[in-house]
Amino acid sequence: MSFAATHWPRMPRAARVARFLASCACVVAHAHAHAQDGPADPAQSPPTTPTPPTLETLQVTGSAQAQRLFDSAASHSSVAVDAFSAATPLVNLSELLAGQAGVVATDRGNYAQDLQIAVRGFGARATFGVRGVRILVDGIPATMPDGQGQAATAHLPSARQIEVLRGPLAQLYGNAAGGVVQVTTRDPRPGGGAQAGVAVGSFGQRLVDASMDFGDQRLGGLLGVSHFETEGWRGHSAARRTHLNAKLQAQPDSRTRITALVNLYDQPLALDPLGLTRAQLEGDARQASALATSFHTRKSVGQNQLGLVLERQLSDTDSVRLRAYGGGRQLTQYLSFSGAAANSAGGVVDLDRSYHGAAATWTRAVRLPSGLPLTWTVGAEANRLSEHRQGFVNNAGTSGALRRDEQDSAANTDVYAQVDAWLSPRWRAIAGLRASRVRVQVDDRYITPANPDDSGSRSWRHTSPALGLVWAATDQLNLYANAGQGFETPTLAEMAYSTGNTGPNFGLAAARSHQWEVGAKWQGTHQQLELAWFDTRSQGEIVPVATVNGRSVFQNVDNVRRRGLEVGWRAQWGTWAPRASYTYLDAHFGSAYAGAGGANVAAGNQLPGTARHAAQLAIDYAPTTRWQLGATANVSGPVFANDVNSERAAGFAVLGVHAAYGWGGREAGAARWQLWARLDNVFNRHHTATLIVNDANGRYFEPAAGRRLMVGLRAQFM
């Protein structure tokens, strides 16, 4: 990351409003600032508008982007990505999201199950993939219509920034938007260039990546490719994957921009060590479960995707943005049981999925009689997936007889509208509404006397309103409040099994939430402080009844509450750049209910997978233009592993350090070089990274890796 010394200018409020008037067409529902899909899409701004400087992780500039973040009526953070100077391998999103208040992004150390990402407690129940949090990559959903998402397909070496939107305004993104995480690919560099890097690390980590830029502003492109391998810290956890990301951008005239996006992801091997019991964790945290080797648990994934985006400035006040995408995903996963019973769905999952979607957004930016800006946005989007899902007997790691054969589909159709207006130089209001329809369907093609027809369908409808208000108390202090409603449907995977293994659970309802938050943002000459208090109440929360050998059964429970406090602070004092974040999260069941096996879950029990306290303290030091040094301490309180709160992972505190040294590039055409190193878990603390919540066999714990070192070298040719 870049740690250049910068400060926040103390601009008069009138000057800030004048800036908005001068770039009025860019002001597109800034409740979401830069999230590029849905009602608050800044990419709908005119293609002729220059791209503002990015918001660095430890650096806030006086750019329009930084001002929008400060003036937005939401908890919204942005992390810049510089693939050349970052002292990190850029393999997992958790590297960049760590330390964002309200966000938990954890590397499971298990590439068969993807990251665990939770925002204000939403998504904590996920035992694989991402639920409850919407993932977008260049405006294209990485979350499917049923709410199931994955983060691994975001190519971080090509990224420009990662953004997170938390709270009620995130609900305007539709289904499963407890929070929104957006990854944006950088634009091609005019004039071209190339970059390459290699890295090696503990436990057999090996990384090679390269990128190439070509063309000019009228027609230019970016091509990036990376290959990563690891033997894994635990037994039976090796993985390898190759990732290609390409962006082609054309600007045929001053009012039009066309972008094509290609993303190819191949993970032919990811061994699954499974979770550990407490006895196993305390005996040898690096071991794999015995079932992992006896059933050779593993996963292979291939995904190819193409996206097209057209942005057109129709007039001085009107602009449109059209988006279309399509792709395919093939997955084979060997679970930790045979699935040989006649009424079983099998112990091997074979999935062949195709998906596509389209969206259109129209934005009008005008001036009120007072001269202040008013922006309204209307749009619609539709997304579809169709998958052929089969299940086979797992014969000690080889695929056997057929036990499941069905055609599944999921679709959503949404329409939305939003208004963003400066009511006066000190008051700003944002109001939005999104109407969603989600439908899932199962067409069972495997019907036997022991396995009856499980075909069926289920639909949900929901309207998500949101309202936000900002008051500029002073030129340095903004106070805001917002409220909204959201919903989260069960995914196809969550509906796949029912109690007694009697087919899909079509009785699952969608969870519905009511949220509000109040917050403050203060910026001084060299510091910035953000505070937010939030409160969410959910009805029909989707919780596991049981999780056995990777197969989960879910039910709905009412009166679940998530409330808490988020604090974020950062500063720039010469060559020193400290930052700190703290999250208090009280996520609990408000009413008692019967959980797994009929066990009583008492009112007041904490939601499993959530820590009540989490904090990060970091400092970076750049003594010269060549050197970067830094240290980060992460602290977490204990986390319960099940709804009855009978088992938990202990809290922890871990320290990491990093350093980078750069040289070259002082002459035109000369190569730039960067040598970097990072040491994680410096004191080799044993702790649990993530939990498999409510695992019926008590294999809750996925231990974090011990002390590990990674060293890399990058070269850039411009």
Side-chain angles (χ1 to χ4, degrees), residues 75 102-104 118-127 131-133 147 166-168 170-171 175-179 460 462 464-466 481-490 494 499 505 507-519 532-547 552-566 583-614 636-649 691 693-694 700:
S75 298
V103 180
V104 175
V119 176
R120 293 184 174 176
F122 287 97
R125 77 173 186 272
T127 55
R131 293 170 173 80
V133 178
R166 308 179 296 279
Q171 305 307 311
N175 181 25
W460 301 271
H462 191 266
S464 301
N482 53 73
Q485 298 180 12
F487 77 113
E488 180 181 353
T489 66
E494 289 170 337
T499 305
N505 187 358
L508 269 180
R512 299 173 185 269
S513 64
H514 294 77
Q515 303 187 25
W516 62 267
E517 72 172 344
V518 294
W533 173 266
F534 59 90
D535 196 323
T536 301
R537 298 173 187 265
S538 299
Q539 302 296 317
E541 184 84 10
I542 303 168
V543 301
V545 177
T547 300
S552 297
V553 181
F554 293 85
Q555 66 175 333
N556 296 107
V557 300
D558 288 333
N559 198 16
V560 173
R561 191 172 186 183
R562 299 172 175 88
R563 60 183 177 181
L565 174 70
E566 296 169 353
T583 302
Y584 166 75
L585 175 62
D586 176 17
H588 65 270
F589 297 103
S591 302
Y593 75 95
N600 179 63
V601 177
N605 276 15
Q606 190 171 334
L607 261 66
T610 64
R612 182 156 292 185
H613 303 279
S636 174
V639 180
F640 286 105
N642 52 16
D643 292 345
V644 297
N645 288 184
S646 62
E647 187 65 271
R648 70 177 187 175
L691 291 165
V693 299
N694 289 310
Y700 305 113

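Nothing fancy with the numbering, it's 1 onward along the sequence. These values consider heavy atoms only, across backbone and side chains, with no hydrogens, waters or symmetry-generated copies.
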- prompt: Can you list the steps and then say if R562 with L607 is a side-chain contact (heavy atoms from CB on, under 4.5 Å)?
  reply: CA-CA 9 Å; R562 299 172 175 88; L607 261 66; 3.6 Å; yes

- prompt: Thinking salt bridges, do E566 and R120 make one under a 4.0 Å N-O criterion?
  reply: yes

query: Out of curiosity, N482 CG to Q171 CD, how far, rounded to the nearest 0.5 Å?
result: 10.0 Å

task: Identify the heavy atoms of V693 and G609 that sit nearest to each other, and give their distance.
output: CG1-N, 4.0 Å

- prompt: Quick check: does any side chain N or O of N505 sit under 3.5 Å from a backbone N or O of F554, one acting as donor and the other as acceptor?
  reply: yes

query: Using the ring of each side chain (for Trp, its six-membered ring), is Y584 parallel, tilted or perpendicular to W533, with breaks at 30° and 60°?
result: parallel

- line: Rounded to the nearest 0.5 angstrom, the CD-OG distance for Q485 and S513 is 8.0 Å

task: Measure the spacing between CZ of R166 and CZ of F534 and express it to the nearest 0.5 Å.
output: 9.0 Å

Side-chain (N645) to main-chain (F640) donor-acceptor, under 3.5 angstrom: no

query: Given the rule in the side-chain contact (heavy atoms from CB on, under 4.5 Å) test, do L508 and N556 qualify, once you have shown the distances and angles that lead to the verdict?
result: CA-CA 7 Å; L508 269 180; N556 296 107; 3.5 Å; yes

- request: List the steps, then state whether side-chain contact (heavy atoms from CB on, under 4.5 Å) holds for V543 with Y593.
  value: CA-CA 11 Å; V543 301; Y593 75 95; 3.8 Å; yes

message: Test of understanding: with ring pair (Phe, Tyr, Trp, His ring centres under 6.0 Å), list the residues that count as partners of H462, not counting sequence neighbours.
response: F487

query: What are the two closest non-hydrogen atoms of A611 and G637, and how far apart are they?
result: CB-O, 3.9 Å

- request: For A124 and T610, work out which heavy atoms get closest and say how close.
  value: CB-CG2, 3.7 Å

task: Dump the intermediate steps for side-chain contact (heavy atoms from CB on, under 4.5 Å) on L565 and T583, then the final yes or no.
output: CA-CA 6 Å; L565 174 70; T583 302; over 6 Å; no

field: Minimum heavy-atom distance between P490 and A509, given as atom pair plus value
entry: CD-O, 3.6 Å

message: If I take atom CZ from residue R563 and atom OG1 from residue T536, how far apart are they, to the nearest 0.5 angstrom?
response: 11.5 Å

message: Can you tell me how far apart CZ (R131) and CZ (F122) are? Round to the nearest 0.5 Å.
response: 15.5 Å

- request: Mind listing the closest non-hydrogen atom pair of A177 and A170 along with its distance?
  value: CB-O, 3.2 Å

message: If I take atom CG from residue N642 and atom OH from residue Y700, how far apart are they, to the nearest 0.5 angstrom?
response: 4.0 Å

message: I'd like to check N694 versus D643 (side-chain heavy atoms, cut-off strictly below 4.5 Å). Are they in contact?
response: yes

message: Going by the rule salt bridge (charged side-chain N to carboxylate O under 4.0 Å, His left out), which residues pair with D535 if we only count those two or more places apart in sequence or in a different chain?
response: R561

Residue pair G590 / A603: nearest heavy atoms and the distance that separates them: O-CB, 3.6 Å

